[in-house]
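What follows is a single structure, written as structure tokens, with notes after it.
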Amino acid sequence: KLEERCYTVWKPSFYEMDVTKLENVWRYMDSISIPDALIHLAAQSNVADSWQNPDNTVAVNTLGAIQIYRVFAEKKRIGFAYPPLMNILS
């Protein structure tokens with residue numbers, strides 16, 4: 001078990017927020033104990049919405065991921081390198 005190996009195991013609950021807003025991510029991360037690892041599943045995954053509002057989809061799925069990992073890295077005091085972003089709407 002992970003707990004026996006001194007890992008923090010956090011069983012998430014559903015939390016809805018705009019992950020493109022840094023203050024929302026900070027507020028949420030401040031409200032939980034920060035785990036040893038982060039699995040980010042936040043995304044705009046509705047295909048119809050992605051075609052109707054592609055800018056929002058890109059913002060949520062790229063900027064949102066960066067915001068989540070940035071706050072996590074700062075809370076854990078580990079380095080964070082911004083990943084290269086591709087222009088997928090060219």
Side-chain angles (χ1 to χ4, degrees):
K1 290 190 162 216
L2 292 175
E3 294 96 339
E4 294 168 359
R5 295 182 182 174
C6 299
Y7 286 99
T8 301
V9 177
W10 179 67
K11 295 173 179 65
S13 58
F14 180 77
Y15 187 82
E16 187 172 347
M17 73 172 138
D18 181 353
V19 294
T20 65
K21 305 288 188 220
L22 187 59
E23 63 272 8
N24 292 346
V25 179
W26 270 109
R27 187 178 311 113
Y28 178 71
M29 292 286 198
D30 283 340
S31 74
I32 64 170
S33 65
I34 300 300
D36 294 314
L38 176 69
I39 300 172
H40 153 52
L41 300 175
Q44 192 297 102
S45 61
N46 184 294
V47 175
D49 287 346
S50 71
W51 283 102
Q52 292 171 359
N53 196 347
D55 293 341
N56 182 62
T57 300
V58 170
V60 169
N61 294 352
T62 56
L63 178 59
I66 290 170
Q67 304 287 45
I68 290 168
Y69 287 121
R70 178 178 158 196
V71 173
F72 178 76
E74 288 184 33
K75 298 283 280 177
K76 293 295 284 184
R77 300 193 190 316
I78 57 176
F80 177 75
Y82 286 93
L85 298 177
M86 295 172 38
N87 182 359
I88 61 172
L89 295 177
S90 60

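Positions are given from 1, in the same order as the sequence printed here. Atoms considered below: every heavy atom in the structure, side chains included; atoms not considered: hydrogens, waters and symmetry mates.
- Remark: the backbone N or O of Val19 is not paired with any side-chain donor or acceptor of Gln67 at under 3.5 angstrom.
- Arg70 has its side chain within reach of Leu22: a pair of non-hydrogen atoms, C-beta onward, lies under 4.5 Å apart.
- To the nearest 0.5 angstrom, Thr20 atom OG1 is 7.0 Å from Asn56 atom CG.
- In terms of the side chain to side chain contact (heavy atoms under 4.5 Å, CB included) criterion, residue partners of Glu16 (sequence neighbours excluded) are, by chain and number, Phe14.
- Nearest heavy atoms, Ala42 versus Ile68: CB-CD1, 4.0 Å.
- Contact between Lys75 and Met29 at its shortest, heavy atoms only, is CE-O, 3.8 Å.
- For Lys21, the side chain to side chain contact (heavy atoms under 4.5 Å, CB included) partners are Asp18, Glu23, Asn24, not counting sequence neighbours.
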Item to check | Criterion side chain to side chain contact (heavy atoms under 4.5 Å, CB included) on Asn53 and Asp55, from CA distance to verdict | outcome: CA-CA 6 Å; Asn53 196 347; Asp55 293 341; 4.3 Å; yes
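- Residues meeting the side chain to side chain contact (heavy atoms under 4.5 Å, CB included) test with Thr57, sequence neighbours left out: Gln44, Ser50, Asn61.
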